Amino acid sequence: MRGILLLSLLATALTENWNYTWNGPGHGDTADSNTENICLTDAASCGCCVMHRHMWKMERFFNLSLSELRKELETAQAALDGIRASRSAFSVALLDVRNCLGPLRQEVTIMYQSVFINLGESYNPATGIFTSPRSGVYNLAVTMYSDSGSAGALLAACGSLRVNGRELASLSERNDQDQEDSATVVLAVSLEAGDQVSVHLLPGCFLCDSKSHFNTFTGFLLYATD
Ligand SMILES: *[C@@H]1O[C@H](CO)[C@@H](O)[C@H](O)[C@H]1NC(C)=O
Ligand SMILES: *[C@@H]1O[C@H](CO)[C@@H](O)[C@H](O)[C@H]1NC(C)=O
């Protein structure tokens, strides 16, 4: 498509009847008569003039093409800068040391302490909340794990993934036969800029982690919609 456009521009540049002189464009209609006069009296100069004329046309054509390409490049560059500026990804784990959280009577927001990546700094380890930096489609994933300590003891790996306090999905793995178990949820969701995403530990549930990072919370922007 671009090739066809360039070719037709070139054809136009070469066939159109421009006003030009020895000194280039914009010198009125004396150009042709000059050329003709020279062609009558001096064939060598005439050939040179014609060449000059064609070179000027070509130069003009390439100048035009170049400025078109520059404009396109600027547009592409601006789009790329926008994508770079909106990069957002976080991935965190509950703890770096062997310990458990819960069980508690009250529900709490889980503060994942071990940060793998926090591109754009939108996850706050002090609150456990990820604040969406811009509107878009995000991928969210939570894995919960618990270890009851011994086979037969009550196991309750359970929690809730929420946006602005509203539940998107819950995780639940409760039984009293396994010693350990895990639950996972993965979603693609549309978030508005400023939406707050958090994971909550439900009453009576408890999670255990270690440097193996059994409990993780991950989110990243697939693409922006604003
Ligand atoms: C050439 O210039 C003259 C006067 O400057 C103008 O009347 C004429 O339309 C021009 N021709 C072209 C092809 O631009
Ligand atoms: C082409 O661009 C150059 C650099 O900007 C300029 O000096 C030259 O006069 C232009 N030529 C034509 C024919 O427009």
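Because only heavy atoms are used, hydrogens play no part in the values below, and waters and symmetry mates are left out as well, while side chains stay in. In this text, all values refer to a predicted model and were calculated from it rather than measured experimentally. Order of appearance sets the numbers: ligands from 1, and atoms from 1 within every ligand.
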N/O of Asn63 under 3.5 Å from N/O of ligand 2, yes or no?
yes

Judged by atom type as modelled, is there a donor-acceptor pair below 3.5 Å linking the side chain of Ser160 to the main-chain atoms of Ser170?
no

Under 3.5 Å, N or O to N or O, is Trp56 touching ligand 2 that way?
no

Can you name the atoms of ligand 2, numbered from 1 with element, that are less than 4.0 Å from a heavy atom of Arg60?
13 (C)

Can you sort out the partners of Tyr138 under side chain to side chain donor-acceptor pair (under 3.5 Å), two or more places apart, ordered by chain and number?
Ser132

Partner set under side chain to side chain donor-acceptor pair (under 3.5 Å) for Ser148, not counting sequence neighbours:
none

Side-chain donor-acceptor pair present, Gln179, Asp147, cut-off under 3.5 Å:
yes

